[in-house]
Amino acid sequence: MSEVTNKSSIVQVSVLVFHYTMDSPEAEYYEKFGEISGILMYKDFLEYWDDVETFPARPDDLVIATYPKSGTTWVSEIVYMIYTEGDVEKCKKDAIFNRVPYLECRKDEMLNGVRQLKEMNSPRIVKTHLPPELLPVSFWEKNCKMIYLCRNAKDVAVSYYYFFLMVTAYPDPGSFTDFVEKFMEGQVPYGSWYDHVKSWWEKRKNPQLLFIFYEDMKEDIRKEVIKLINFLDRKPSEKLVDKIINHTSFQEMKNNPSTNYTLLPEEVMNHKVSPFMRKGIAGDWKNHFTVSLNERFDVHYEQQMKESTLKFRTVI
Ligand SMILES: *[C@@H]1O[C@H](CO)[C@@H](O)[C@H](O)[C@H]1NC(C)=O
Ligand SMILES: *[C@@H]1O[C@H](CO)[C@@H](O)[C@H](O)[C@H]1NC(C)=O
(Lines give C-alpha, C1' and ligand atoms only; values in the text may rest on other atoms or scores of the structure.)
(Ligands and ions follow the chains in the order given, each with its own letter.)
Protein backbone atom coordinates (compact mmCIF):
# COMPACT_ATOMS: atom_id res chain seq x y z
CA MET A 1 0.00 0.00 0.00
CA SER A 2 1.40 3.41 -0.93
CA GLU A 3 1.79 6.21 1.53
CA VAL A 4 -0.71 8.31 -0.36
CA THR A 5 -3.44 5.71 0.08
CA ASN A 6 -2.61 5.44 3.75
CA LYS A 7 -2.92 9.14 4.24
CA SER A 8 -6.16 9.41 2.35
CA SER A 9 -7.71 6.67 4.45
CA ILE A 10 -6.79 8.56 7.61
CA VAL A 11 -8.43 11.65 6.18
CA GLN A 12 -11.53 9.64 5.41
CA VAL A 13 -11.78 8.48 8.98
CA SER A 14 -11.73 12.00 10.34
CA VAL A 15 -14.26 13.14 7.75
CA LEU A 16 -16.53 10.36 8.92
CA VAL A 17 -16.30 11.59 12.48
CA PHE A 18 -17.38 15.06 11.46
CA HIS A 19 -20.29 13.74 9.46
CA TYR A 20 -22.32 12.94 12.53
CA THR A 21 -25.16 15.40 12.59
CA MET A 22 -25.36 17.61 15.63
CA ASP A 23 -28.11 15.66 17.34
CA SER A 24 -26.97 12.15 16.41
CA PRO A 25 -26.49 9.80 19.36
CA GLU A 26 -22.76 9.67 18.60
CA ALA A 27 -22.36 13.44 18.70
CA GLU A 28 -24.34 13.56 21.92
CA TYR A 29 -22.16 10.87 23.43
CA TYR A 30 -18.91 12.68 22.72
CA GLU A 31 -20.24 16.08 23.69
CA LYS A 32 -19.53 15.36 27.37
CA PHE A 33 -15.97 14.25 26.87
CA GLY A 34 -12.60 15.62 25.93
CA GLU A 35 -9.22 13.94 25.79
CA ILE A 36 -6.06 13.95 27.85
CA SER A 37 -3.02 12.13 26.39
CA GLY A 38 -5.39 10.33 24.04
CA ILE A 39 -7.62 9.16 26.91
CA LEU A 40 -11.30 10.05 26.98
CA MET A 41 -12.13 12.18 30.02
CA TYR A 42 -15.02 14.28 31.34
CA LYS A 43 -14.83 17.81 30.02
CA ASP A 44 -15.66 19.16 33.48
CA PHE A 45 -12.54 17.50 34.90
CA LEU A 46 -10.30 18.66 32.07
CA GLU A 47 -11.15 22.29 32.56
CA TYR A 48 -8.96 22.46 35.66
CA TRP A 49 -6.45 19.76 34.82
CA ASP A 50 -3.47 21.88 35.93
CA ASP A 51 -4.70 21.51 39.51
CA VAL A 52 -4.48 17.73 39.15
CA GLU A 53 -1.13 17.67 37.40
CA THR A 54 0.52 19.91 39.98
CA PHE A 55 -1.12 18.25 42.98
CA PRO A 56 1.32 18.16 45.93
CA ALA A 57 1.42 14.70 47.44
CA ARG A 58 2.51 14.07 51.02
CA PRO A 59 4.76 11.11 51.83
CA ASP A 60 2.11 9.46 54.01
CA ASP A 61 -0.64 9.67 51.38
CA LEU A 62 -2.17 6.38 50.33
CA VAL A 63 -3.43 6.16 46.76
CA ILE A 64 -6.28 3.85 45.84
CA ALA A 65 -6.25 3.50 42.08
CA THR A 66 -8.76 1.58 40.00
CA TYR A 67 -10.34 1.59 36.58
CA PRO A 68 -13.96 2.73 37.17
CA LYS A 69 -16.40 0.10 38.44
CA SER A 70 -13.79 -2.24 39.83
CA GLY A 71 -14.62 -2.17 43.54
CA THR A 72 -13.24 1.25 44.44
CA THR A 73 -15.76 2.00 47.18
CA TRP A 74 -15.36 -1.46 48.65
CA VAL A 75 -11.60 -1.27 49.04
CA SER A 76 -11.83 2.36 50.18
CA GLU A 77 -14.14 1.43 53.03
CA ILE A 78 -11.88 -1.48 54.00
CA VAL A 79 -8.86 0.82 54.08
CA TYR A 80 -10.77 3.43 56.06
CA MET A 81 -11.70 0.72 58.58
CA ILE A 82 -8.04 -0.22 58.84
CA TYR A 83 -7.05 3.43 59.41
CA THR A 84 -9.66 3.85 62.15
CA GLU A 85 -8.80 0.48 63.72
CA GLY A 86 -12.30 -0.79 63.02
CA ASP A 87 -14.24 2.20 64.33
CA VAL A 88 -17.58 1.80 62.56
CA GLU A 89 -18.94 5.01 64.09
CA LYS A 90 -16.11 7.04 62.60
CA CYS A 91 -16.73 5.42 59.23
CA LYS A 92 -20.40 6.34 59.36
CA LYS A 93 -19.75 9.95 60.29
CA ASP A 94 -19.37 11.11 56.72
CA ALA A 95 -19.88 9.91 53.16
CA ILE A 96 -17.13 7.87 51.57
CA PHE A 97 -16.58 10.56 48.91
CA ASN A 98 -15.63 12.99 51.71
CA ARG A 99 -13.50 10.57 53.70
CA VAL A 100 -11.67 9.31 50.60
CA PRO A 101 -11.72 12.21 48.12
CA TYR A 102 -11.70 11.57 44.41
CA LEU A 103 -8.57 13.38 43.25
CA GLU A 104 -9.42 14.39 39.68
CA CYS A 105 -13.14 14.92 40.26
CA ARG A 106 -14.11 18.47 39.42
CA LYS A 107 -17.21 20.42 38.58
CA ASP A 108 -16.39 24.10 38.87
CA GLU A 109 -16.54 25.07 42.54
CA MET A 110 -19.16 22.49 43.42
CA LEU A 111 -17.05 19.34 43.25
CA ASN A 112 -13.33 19.66 43.77
CA GLY A 113 -11.29 16.65 44.80
CA VAL A 114 -8.03 18.58 44.83
CA ARG A 115 -9.38 21.18 47.24
CA GLN A 116 -10.91 18.53 49.50
CA LEU A 117 -7.55 16.80 49.73
CA LYS A 118 -5.59 19.99 50.33
CA GLU A 119 -7.84 20.84 53.26
CA MET A 120 -7.52 17.40 54.77
CA ASN A 121 -5.29 16.37 57.65
CA SER A 122 -2.78 13.59 57.12
CA PRO A 123 -2.79 10.72 56.63
CA ARG A 124 -4.95 11.09 53.54
CA ILE A 125 -6.50 8.35 51.45
CA VAL A 126 -6.72 9.41 47.82
CA LYS A 127 -9.09 7.84 45.31
CA THR A 128 -8.20 8.02 41.64
CA HIS A 129 -9.08 6.30 38.39
CA LEU A 130 -6.01 7.62 36.61
CA PRO A 131 -3.57 5.41 34.74
CA PRO A 132 -0.02 5.59 36.18
CA GLU A 133 1.13 7.94 33.41
CA LEU A 134 -1.44 10.55 34.42
CA LEU A 135 -1.09 10.23 38.18
CA PRO A 136 0.40 13.49 39.53
CA VAL A 137 4.14 13.03 39.49
CA SER A 138 4.47 14.07 43.16
CA PHE A 139 2.97 10.72 44.25
CA TRP A 140 5.88 8.95 42.57
CA GLU A 141 8.44 11.47 43.83
CA LYS A 142 7.22 11.11 47.42
CA ASN A 143 7.22 7.34 47.07
CA CYS A 144 3.64 7.07 48.35
CA LYS A 145 1.99 3.73 48.98
CA MET A 146 -0.55 2.72 46.37
CA ILE A 147 -3.18 0.05 46.05
CA TYR A 148 -4.34 -0.94 42.59
CA LEU A 149 -7.52 -2.99 42.52
CA CYS A 150 -8.69 -4.49 39.25
CA ARG A 151 -11.64 -6.53 38.09
CA ASN A 152 -12.24 -8.64 35.00
CA ALA A 153 -13.16 -6.68 31.88
CA LYS A 154 -16.57 -8.25 31.27
CA ASP A 155 -17.95 -7.46 34.71
CA VAL A 156 -16.46 -3.98 34.53
CA ALA A 157 -18.23 -3.38 31.21
CA VAL A 158 -21.57 -4.49 32.69
CA SER A 159 -21.14 -2.33 35.76
CA TYR A 160 -20.01 0.67 33.71
CA TYR A 161 -23.08 0.30 31.52
CA TYR A 162 -25.44 0.53 34.50
CA PHE A 163 -23.41 3.41 35.87
CA PHE A 164 -23.94 5.31 32.61
CA LEU A 165 -27.66 4.72 32.94
CA MET A 166 -27.91 5.97 36.52
CA VAL A 167 -25.55 8.98 36.49
CA THR A 168 -27.76 11.78 35.27
CA ALA A 169 -25.05 13.79 33.51
CA TYR A 170 -23.71 10.84 31.49
CA PRO A 171 -24.73 10.40 27.89
CA ASP A 172 -27.01 7.62 26.75
CA PRO A 173 -24.83 4.50 26.41
CA GLY A 174 -27.15 3.01 23.77
CA SER A 175 -27.76 -0.73 23.89
CA PHE A 176 -25.47 -2.92 25.97
CA THR A 177 -23.87 -4.19 22.76
CA ASP A 178 -23.24 -0.62 21.54
CA PHE A 179 -21.65 0.19 24.87
CA VAL A 180 -19.42 -2.88 24.89
CA GLU A 181 -18.14 -1.86 21.43
CA LYS A 182 -17.19 1.51 22.88
CA PHE A 183 -15.59 -0.17 25.88
CA MET A 184 -13.49 -2.39 23.63
CA GLU A 185 -12.32 0.63 21.64
CA GLY A 186 -11.51 2.56 24.82
CA GLN A 187 -14.14 5.16 23.94
CA VAL A 188 -15.28 5.53 27.54
CA PRO A 189 -13.99 7.79 30.33
CA TYR A 190 -10.48 6.73 31.42
CA GLY A 191 -9.97 5.09 28.07
CA SER A 192 -8.96 1.54 27.37
CA TRP A 193 -9.44 -0.89 30.27
CA TYR A 194 -6.74 -3.04 28.67
CA ASP A 195 -4.14 -0.27 28.69
CA HIS A 196 -5.11 0.76 32.23
CA VAL A 197 -4.64 -2.66 33.81
CA LYS A 198 -1.53 -3.39 31.79
CA SER A 199 0.17 -0.10 32.71
CA TRP A 200 -0.50 -0.59 36.40
CA TRP A 201 0.63 -4.22 36.14
CA GLU A 202 3.98 -2.92 34.85
CA LYS A 203 4.37 -1.15 38.22
CA ARG A 204 3.69 -4.23 40.34
CA LYS A 205 7.33 -4.79 41.30
CA ASN A 206 7.40 -1.45 43.07
CA PRO A 207 7.28 -2.49 46.76
CA GLN A 208 5.12 0.54 47.50
CA LEU A 209 2.36 -0.84 45.24
CA LEU A 210 -0.09 -3.57 46.21
CA PHE A 211 -1.83 -5.04 43.18
CA ILE A 212 -5.04 -6.90 44.01
CA PHE A 213 -8.03 -8.47 42.26
CA TYR A 214 -11.75 -8.04 42.87
CA GLU A 215 -12.30 -11.74 42.16
CA ASP A 216 -9.82 -12.68 44.91
CA MET A 217 -11.74 -10.45 47.32
CA LYS A 218 -15.01 -12.16 46.39
CA GLU A 219 -13.44 -15.58 46.80
CA ASP A 220 -11.58 -15.07 50.07
CA ILE A 221 -12.15 -11.68 51.65
CA ARG A 222 -10.34 -12.64 54.85
CA LYS A 223 -7.14 -13.35 52.99
CA GLU A 224 -7.29 -10.06 51.05
CA VAL A 225 -8.17 -7.98 54.13
CA ILE A 226 -5.18 -9.44 55.98
CA LYS A 227 -3.02 -8.64 52.93
CA LEU A 228 -4.24 -5.04 53.03
CA ILE A 229 -3.68 -4.71 56.79
CA ASN A 230 -0.12 -6.04 56.46
CA PHE A 231 0.59 -3.76 53.52
CA LEU A 232 -0.47 -0.80 55.68
CA ASP A 233 1.82 -1.97 58.51
CA ARG A 234 -1.00 -2.68 60.97
CA LYS A 235 -1.65 -5.82 62.99
CA PRO A 236 -4.28 -8.15 61.54
CA SER A 237 -5.93 -9.10 64.84
CA GLU A 238 -8.85 -11.49 64.45
CA LYS A 239 -11.21 -8.96 65.98
CA LEU A 240 -10.25 -6.24 63.50
CA VAL A 241 -10.47 -8.58 60.52
CA ASP A 242 -13.92 -9.84 61.61
CA LYS A 243 -15.18 -6.30 62.08
CA ILE A 244 -13.95 -5.24 58.67
CA ILE A 245 -15.44 -8.24 56.92
CA ASN A 246 -18.81 -7.59 58.52
CA HIS A 247 -18.88 -3.84 57.98
CA THR A 248 -17.76 -4.01 54.34
CA SER A 249 -19.95 -6.90 53.23
CA PHE A 250 -22.11 -6.07 50.22
CA GLN A 251 -25.32 -6.02 52.28
CA GLU A 252 -23.85 -3.72 54.92
CA MET A 253 -22.43 -1.33 52.34
CA LYS A 254 -25.61 -1.27 50.30
CA ASN A 255 -27.64 -0.29 53.35
CA ASN A 256 -25.10 2.18 54.67
CA PRO A 257 -25.91 5.72 53.52
CA SER A 258 -22.25 6.72 53.94
CA THR A 259 -21.20 4.16 51.33
CA ASN A 260 -24.22 3.70 49.06
CA TYR A 261 -23.92 7.17 47.48
CA THR A 262 -27.44 8.25 48.42
CA LEU A 263 -25.89 11.23 50.26
CA LEU A 264 -25.03 12.79 46.90
CA PRO A 265 -27.62 15.30 45.68
CA GLU A 266 -30.49 13.43 44.06
CA GLU A 267 -29.93 15.03 40.68
CA VAL A 268 -26.45 13.47 40.37
CA MET A 269 -27.43 9.81 40.49
CA ASN A 270 -30.76 8.12 39.96
CA HIS A 271 -30.77 5.04 42.19
CA LYS A 272 -34.21 4.10 40.93
CA VAL A 273 -32.78 3.43 37.46
CA SER A 274 -30.02 1.33 39.00
CA PRO A 275 -28.61 1.51 42.53
CA PHE A 276 -24.95 2.47 42.94
CA MET A 277 -24.45 -0.74 44.92
CA ARG A 278 -25.98 -2.99 42.32
CA LYS A 279 -24.98 -6.63 42.75
CA GLY A 280 -21.35 -6.80 43.80
CA ILE A 281 -20.69 -10.22 42.33
CA ALA A 282 -18.25 -11.83 39.93
CA GLY A 283 -19.66 -13.33 36.74
CA ASP A 284 -22.74 -11.16 36.22
CA TRP A 285 -21.52 -10.62 32.64
CA LYS A 286 -23.06 -14.00 31.84
CA ASN A 287 -26.48 -12.43 32.26
CA HIS A 288 -25.66 -9.67 29.76
CA PHE A 289 -23.32 -10.89 27.02
CA THR A 290 -24.95 -12.74 24.14
CA VAL A 291 -23.01 -15.67 22.71
CA SER A 292 -21.93 -13.68 19.66
CA LEU A 293 -20.92 -10.58 21.63
CA ASN A 294 -18.96 -12.80 23.98
CA GLU A 295 -17.12 -14.44 21.09
CA ARG A 296 -16.23 -11.09 19.58
CA PHE A 297 -15.12 -9.80 22.97
CA ASP A 298 -12.90 -12.83 23.59
CA VAL A 299 -11.12 -12.47 20.24
CA HIS A 300 -10.47 -8.78 20.86
CA TYR A 301 -9.42 -9.48 24.45
CA GLU A 302 -6.87 -12.02 23.34
CA GLN A 303 -5.35 -9.50 20.91
CA GLN A 304 -5.17 -6.81 23.57
CA MET A 305 -3.78 -8.96 26.36
CA LYS A 306 -1.60 -11.54 24.60
CA GLU A 307 1.69 -9.75 25.37
CA SER A 308 0.86 -9.41 29.06
CA THR A 309 1.39 -11.86 31.91
CA LEU A 310 -1.62 -10.37 33.67
CA LYS A 311 -4.38 -12.98 33.97
CA PHE A 312 -7.94 -12.48 35.14
CA ARG A 313 -10.68 -14.82 36.24
CA THR A 314 -14.15 -14.05 34.88
CA VAL A 315 -15.81 -16.51 37.25
CA ILE A 316 -14.85 -17.80 40.68
C1 LIG B 1 -22.74 -7.96 60.89
O2 LIG B 1 -22.87 -7.99 62.31
C3 LIG B 1 -24.16 -7.63 62.76
C4 LIG B 1 -24.09 -7.53 64.27
O5 LIG B 1 -23.37 -8.58 64.84
C6 LIG B 1 -25.17 -8.65 62.28
O7 LIG B 1 -26.46 -8.32 62.73
C8 LIG B 1 -25.12 -8.66 60.76
O9 LIG B 1 -25.98 -9.66 60.26
C10 LIG B 1 -23.72 -8.92 60.27
N11 LIG B 1 -23.75 -8.74 58.84
C12 LIG B 1 -23.17 -9.59 58.01
C13 LIG B 1 -23.37 -9.29 56.55
O14 LIG B 1 -22.53 -10.54 58.36
C1 LIG C 1 -28.93 3.46 51.06
O2 LIG C 1 -29.00 3.37 52.47
C3 LIG C 1 -30.22 3.84 53.01
C4 LIG C 1 -30.08 3.80 54.52
O5 LIG C 1 -29.89 2.49 54.98
C6 LIG C 1 -31.34 2.94 52.53
O7 LIG C 1 -32.58 3.42 53.05
C8 LIG C 1 -31.40 2.99 51.02
O9 LIG C 1 -32.36 2.08 50.55
C10 LIG C 1 -30.05 2.65 50.42
N11 LIG C 1 -30.16 2.97 49.03
C12 LIG C 1 -29.70 2.23 48.04
C13 LIG C 1 -30.01 2.74 46.68
O14 LIG C 1 -29.06 1.21 48.17
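For ligands, and for the atoms within them, numbers begin at 1 and follow the listed sequence. Just so it is clear, the structure is predicted and the values come from calculations on it, not from any experiment.
Ion pairing between a basic and an acidic side chain is recognised when a charged N comes within 4.0 Å of a carboxylate O; K43 and E35 show no such pairing.
Sorted by first and then second residue, the salt bridge (Lys or Arg N to Asp or Glu O under 4.0 Å) pairs involving residues 269-283 (not counting sequence neighbours) are R278-D284, K279-D284. Applying the ring-ring contact (aromatic ring centres under 6.0 Å, His included) rule to pairs touching residues 91-117 yields F45-Y102, F97-Y261, Y102-H129, sequence neighbours excluded.
In this structure, K203 forms a cation-pi arrangement with W140, its terminal cationic atom sitting closer than 6.0 Å to the ring centre and no more than 45° off the ring axis.
Listed by chain and residue number, the protein contacts of ligand 2 are K254, N255, P257, N260, T262, H271, P275 (heavy atom within 4.0 angstrom).
Test I244, V225, I229 against M81 for side-chain contact (heavy atoms from CB on, under 4.5 Å) and you get one pass: I244.
Remark: D242 pairs with R222 by the salt bridge (charged side-chain N to carboxylate O under 4.0 Å, His left out) rule, at least two apart or across chains.
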